Amino acid sequence: MARTQVAIIGAGPSGLLLSQLLHLNGVDNIVLERQSREHVASRIRAGVLETGTVDLLLQAQVGERLLNERLVHEGFALGFAGRSFRVDLKHFTGDAVSVYGQTEVIKDLTDARLAAAAKLIFDVRDVGVEGFDGSQPVVRYSHDGRTHTINCDFIAGCDGYHGVCRRSIPPGAAQSFERIYPFGWLGILADVPPVAHELIYSNHERGFALCSMRSLTRSRYYLQCPLDENLESWPDPRFWDELRRRLPTVVAEALITGPSIEKSIAPLRSFVVEPLKFGRLFLVGDAAHIVPPTGAKGLNLAAADVRVLYQALVEFYRTGNGDLIDGYSAQCLRRIWKAVRFSWWFTSLTHKFSEDLFAHRLQLSELDYLTGSDAALTSLAENYVGLPFERAAKRA
Ligand code: APR
Ligand code: PHB
């Protein structure tokens with residue numbers, strides 16, 4: 001039987017970052033991951049980091065390659081009505097975002113954890129979490145055909161939307177809030193130079209399109225698509241044709257195409273569970289909340305949870321004071337709901353929800369208003385770069 005201070009379920013960005021920050025601050029932890037290391041490393045997700053996320057990765061001592069290889073973007077474009085409008089993030093907020101793929105974040109974190117001889121166990125099966133409503137939580141799992149038990153002080157549920165931790169909270173003790181969108185994103189990755197230096201979010205009557213990138217030679221493009229779409233009906237030429245049609249003409253003309261190296265479809269969802277803490281179990285990142293990818297808040301929100309939780313746990317182990325731990329849920333939820341609102345709004349503004357032409361005219365009118373109003377642009381920009389972090393609630 002093993003013993004640790006914090007048992008972390010899931011080695012996605014949330015679990016790895018929490019593990020690293022706790023380790024650097026002297027808190028012992030074990031990470032259990034269902035998938036193989038290779039599988040976790042190969043998942044392609046979003047690639048835009050807020051400055052607060054970059055700062056946290058620097059604190060976690062995994063920022064060196066990030067600082068060397070990231071692309072700093074001081075703006076992005078909104079495409080609509082055949083034209084392209086640049087949102088000047090730097091001008092409106094003094095801040096910028098960093099383009100650096102989640103795949104790279106995972107690689108940096110995994111390398112750092114393994115270099116520090118972390119207890120990071122991949123390919124585990126049948127994880128079960130128990131006893132977290134009392135003072136002695138227990139985690140059971142199987143690995144290499146044997147069953148194992150970990151006794152711990154706390155369990156961090158960093159196991160994503162489909163994980164076991166949220167489902168282990170007794171019925172009635174938590175409430176969830178959800179919105180399913182009637183479309184998905186069809187994404188491709190291709191080794192071609194990006195069509196523009198900055199991202200382009202394009203509203204079009206045929207549906208939304210996004211031009212993004214991973215580097216100056218690797219592009220990531222998305223098209224809004226029906227939920228029941230299948231990948232076989234989207235050979236590369238069809239994807240590129242449809243993308244061109246949904247972009248402002250000057251952008252479409254500059255598009256460089258090439259063979260895709262990855263293609264996938266993801267549904268869009270908003271989801272929040274409340275509270276994020278049940279006894280000695282914490283929900284972190286995608287286990288607790290999902291946002292649609294418009295605005296790239298998912299990873300940043302996960303990092304924001306980790307920032308609050310690691311500080312609360314470190315404070316507890318240093319001083320015995322559990323106030324920050326008790327405030328974890330309320331503090332995170334304020335930021336989460338703001339990001340849920342922003343991601344929902346940005347999705348609503350840019351996507352096609354129906355054939356309703358009135359609704360499309362309203363979107364165009366809102367885009368016209370937005371791009372003509374410094375007040376509205378400031379609001380968009382400050383949400384996009386990431387709202388400031390609140391200070392933890394003062395102790396009584
Ligand atoms: N036991 C162990 N591990 C599990 C279990 C389980 N029962 N269920 C899920 N996992 C693992 C998954 O295999 C995955 O590696 O938990 C991890 C959860 O990782 P993510 O889903 O990436 O969630 P999170 O770390 O919170 O990251 C949030 O990253 O994944 C993106 O879109 C997401 O950008 C968001 C951010
Ligand atoms: C991405 O590059 O994958 C990406 C960028 C911005 C978004 C969503 C996804 O808003």
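In listed order, ligands and their atoms are each counted from 1. Here the structure is a predicted model, which means the values were calculated and not measured.
Which parts of ligand 2 touch Gly295 is read off a 4.0 Å heavy-atom cut-off, strictly below it: atoms 10 (O). Atoms of ligand 2 lying under 4.0 Å from at least one heavy atom of Val48, given by number and element, are 5 (C), 6 (C).
By the criterion of a heavy-atom distance under 4.0 Å, the side chain of Trp185, and not its backbone, is placed next to ligand 2. At a heavy-atom cutoff of 4.0 Å, ligand 1 is contacted by no atom of Ala46, backbone or side chain. With a 4.0 Å heavy-atom cut-off, ligand 2 is reached by the side chain of Leu199 but not by its N, CA, C or O.
For the pair Leu210 and ligand 2, the shortest N or O to N or O distance does not fall below 3.5 Å. Considering backbone and side-chain atoms together, Arg220 places no N or O closer than 3.5 Å to any N or O of ligand 2. Looking at Ala296 next to ligand 2, an N or O pair under 3.5 Å apart turns up. For ligand 2, the polar-atom distance check against Tyr201 finds a nitrogen or oxygen pair separated by under 3.5 Å. Between Met213 and ligand 2, no N or O atom pair is found at a separation short of 3.5 Å. Taking only nitrogen or oxygen atoms, main chain and side chain alike, Ser212 reaches within less than 3.5 Å of ligand 2.
For atom 8 (C) of ligand 2, the closest non-hydrogen atom of the protein is Pro293 O, 3.3 Å. In terms of protein heavy atoms, atom 9 (C) of ligand 2 is closest to Tyr222 CE1, 3.8 Å.
A cation-pi geometry, defined here as NZ or CZ lying under 6.0 Å from the six-membered ring centre and within 45° of its normal, holds between Arg280 and Phe154.
Taking a cutoff of 4.0 Å between a charged side-chain nitrogen and a carboxylate oxygen, Asp241 and Arg238 do not qualify as a salt bridge.
Here the two rings, on Trp240 and Tyr221, have centers that are under 6.0 Å apart.
Minimum heavy-atom separation, His148 to His143: NE2-O, 3.6 Å.
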